[in-house]
Number of protein chains: 2
Amino acid sequence: MTPRAAAGGPLAPSEPQLSAVDGLAQLSFVVYRMLERRAAEQDLSIIQTRLLGILRDRRPTMNELAKLLVLDKSSTSGLVERAERRGLVTRSPSPTDGRAVLVSLTGDGRSLLAGAAIRFEADAAALLEHLPRTERRVLSRLISRVLVAHAAERGIDLFPTFEID
Amino acid sequence: MTPRAAAGGPLAPSEPQLSAVDGLAQLSFVVYRMLERRAAEQDLSIIQTRLLGILRDRRPTMNELAKLLVLDKSSTSGLVERAERRGLVTRSPSPTDGRAVLVSLTGDGRSLLAGAAIRFEADAAALLEHLPRTERRVLSRLISRVLVAHAAERGIDLFPTFEID
DNA sequence: TATTGTTATACTCTATAACTATA
DNA sequence: TATAGTTATAGAGTATAACAATA
């Protein structure tokens, strides 16, 4: 990676094209920051956004949440506590396990998430529209293939025939 | 973005390919985490790594640093203070402006940065090697074109003929 | 007066360790 | 005893506001 790519700033190599590695790194930063900015517009951090995103179609226990977010359970407690204080999520006792707590999204949480998601999608679409339609499709397919292969390497099937959970 | 893409986890749409937006978001997360992991192996955060990356070929003032990192000057003070305490950077008075401070990389800082960069480059290369060489080149070129167009939109030329600075 | 940088303060995010309550 | 979750504590990272020193 060139120094400037590492800094996330503009590049000035002598070739008229970024190296594959620099391109990947730069693209990652650009997209990550789009997400960060759109989340911030709703006063959400990336981790808060991911929390809400997980809750959009699930109602996990604190423990499951910690695993999904790859966080310590104490970090998850704090994260959920702050989100609950803002009225974005609620905690309720599990009916089947007296120790467990179920976390779910409130209407306010859902609205905030939807706002961020819609704006981010527009950003991502605008970024891709720099390419003509045909090449956009090629890019999309190649990215998909890379991700599928990368996931498969880790024993994850991105497209299981049935929902397994 | 689908709920699962927002969560950064595996996806299960019914089509055998990710949507363009989901692919972009997923790819961004995957690459960002590679960088995060490799930096962490050197006990560096992403922001510390970016700091060192900027210093690899520059010796900016605190003020310039704050602008490059898009951080408040007070945040930059703290960031540099912690890096200096670890012996990764040094602060010295500017010879031309009695108020200014110049920040530069130490040998230790350079080594740490190099270690993270080399490992990250290997990760990125491995990710791309999931595609045959020809398609890898196509992907690389398309990503480059998207980034160049995106930068141009913001008045930035990714490939200026001369170093301007 | 304006600019450069640091410091005080406050909040988010994270982990480790110690704790409570339930299984 | 083991598991689920919270709390205490500590540190990184961030911003705002107040400040000191220099231009």
Side-chain angles (χ1 to χ4, degrees), chain A residues 8 32-33 35-37 39-54 59-104 109 112, chain B residues 8 32-33 35-37 39-54 59-104 109 112:
Chain A
Y32 197 88
R33 284 187 184 171
L35 192 50
E36 213 167 28
R37 191 175 86 244
E41 286 176 1
Q42 316 274 2
D43 275 301
L44 293 173
S45 64
I46 293 271
I47 188 65
Q48 290 281 352
T49 307
R50 287 183 56 214
L51 166 65
L52 302 188
I54 285 174
R59 210 180 175 230
T61 65
M62 291 296 293
N63 201 21
E64 289 163 349
L65 211 41
K67 278 175 190 150
L68 288 165
L69 291 167
V70 196
L71 286 180
D72 187 84
K73 55 187 180 168
S74 66
S75 307
T76 309
S77 269
L79 188 67
V80 169
E81 200 282 330
R82 291 187 293 275
E84 191 175 37
R85 208 190 309 145
R86 286 179 60 186
L88 307 180
V89 309
T90 54
R91 273 188 274 211
S92 48
S94 163
T96 60
D97 185 335
R99 301 166 298 177
V101 168
L102 301 180
V103 185
S104 49
L112 236 53
Chain B
Y32 196 88
R33 283 187 185 170
L35 193 49
E36 212 165 29
R37 192 176 84 244
E41 286 175 1
Q42 315 274 5
D43 274 303
L44 292 173
S45 63
I46 293 270
I47 188 65
Q48 291 281 354
T49 307
R50 287 183 56 215
L51 167 65
L52 302 187
I54 285 175
R59 208 178 175 234
T61 64
M62 292 295 293
N63 202 18
E64 290 164 350
L65 211 42
K67 277 173 191 152
L68 288 165
L69 291 167
V70 196
L71 285 181
D72 187 84
K73 55 187 179 166
S74 67
S75 307
T76 309
S77 270
L79 188 67
V80 169
E81 200 283 330
R82 290 185 294 273
E84 191 175 37
R85 209 190 306 147
R86 286 178 62 185
L88 307 181
V89 309
T90 54
R91 271 189 277 209
S92 47
S94 163
T96 60
D97 185 334
R99 300 166 300 179
V101 168
L102 301 180
V103 185
S104 49
L112 235 55

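So you know, we letter chains A, B, ... as the sequences are listed, proteins then strands, and number each from 1.
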Check: Over how many whole Å does the gap from Ile47(A) atom CD1 to dT14(C) atom C1' extend?
Finding: 10 Å
Next item on the list: Give me the residues of residues 74-87 of chain A where at least one heavy atom lies under 4.0 Å from an atom of DNA chain D, by number, or none.
Entry: Ser74(A), Ser77(A)
Note to self: Please give me the minimum heavy-atom distance between Val103(A) and Arg91(A), naming the atom from each residue.
What the structure shows: CG2-CG, 4.3 Å
Note to self: The test is side chain to side chain contact (heavy atoms under 4.5 Å, CB included); show your working for Leu88(A) and Leu51(A) and say whether it passes.
What the structure shows: CA-CA 10 Å; Leu88(A) 307 180; Leu51(A) 166 65; over 6 Å; no
Check: Can you check the Asp97(A) CG to dT3(D) P distance for me, whole Å?
Finding: 12 Å
Next item on the list: Kindly compute the distance separating CG (Leu65(A)) from OG (Ser75(A)), expressed to the nearest 0.5 Å.
Entry: 11.5 Å
Checklist line | Sugar-phosphate, base or nothing in reach of Thr61(A), heavy atoms under 4.0 Å | finding: sugar-phosphate
Margin query: Pairs counted only when both distances fall under 3.5 Å, Watson-Crick or G-U: show me the 5' to 3' dot-bracket for DNA chain D, [ ] for pseudoknotted crossings and | for other-strand partners.
Written below: |||||||||||||||||||||||
Checklist line | Within-4.5 Å side-chain heavy-atom neighbours: Arg82(A) and Arg85(A) | finding: yes
Margin query: If you apply the rule side chain to side chain contact (heavy atoms under 4.5 Å, CB included), what do you find for Thr61(B) with Arg99(B), and how did you get there?
Written below: CA-CA 10 Å; Thr61(B) 64; Arg99(B) 300 166 300 179; over 6 Å; no
Item checked: Evaluation steps, side chain to side chain contact (heavy atoms under 4.5 Å, CB included), between Val80(B) and Val101(B) -> CA-CA 11 Å; Val80(B) 169; Val101(B) 168; over 6 Å; no
Checklist line | Spacing between Leu71(A) atom CG and dT16(C) atom C1', to the nearest angstrom | finding: 14 Å
Check: Separation of Asn63(A) atom CG from dT22(C) atom P, in whole Å?
Finding: 17 Å
Checklist line | Gap separating the CD1 atom of Ile54(A) from the CG atom of Leu69(A), nearest 0.5 angstrom | finding: 4.0 Å
Check: Roughly how many Å is it from CG in Asp43(B) to P in dG11(D), rounded to a whole number?
Finding: 15 Å
Next item on the list: Round to a whole Å and report the spacing from CG of Leu69(B) to P of dT14(D).
Entry: 8 Å
Next item on the list: Can you tell me the distance, in whole Å, between the CG atom of Asp72(B) and the P atom of dA10(C)?
Entry: 17 Å
Next item on the list: To the nearest Å, give me how far apart CG (Leu65(A)) and P (dG5(D)) are.
Entry: 9 Å
Item checked: Residue pair Arg86(A), Leu112(A): steps toward the side chain to side chain contact (heavy atoms under 4.5 Å, CB included) verdict -> CA-CA 11 Å; Arg86(A) 286 179 60 186; Leu112(A) 236 53; 3.8 Å; yes
Item checked: Heavy-atom closest contact (Arg59(B) atom, Ser92(B) atom, distance) -> NH2-OG, 3.3 Å
Item checked: Along DNA chain C (nearest heavy atom to each residue), the more 5'-positioned of Arg91(B) and Thr96(A) -> Arg91(B)
Note to self: Heavy-atom nearest nucleotide on DNA chain C for Gly98(A) versus Leu44(A): which residue maps closer to 5'?
What the structure shows: Leu44(A)
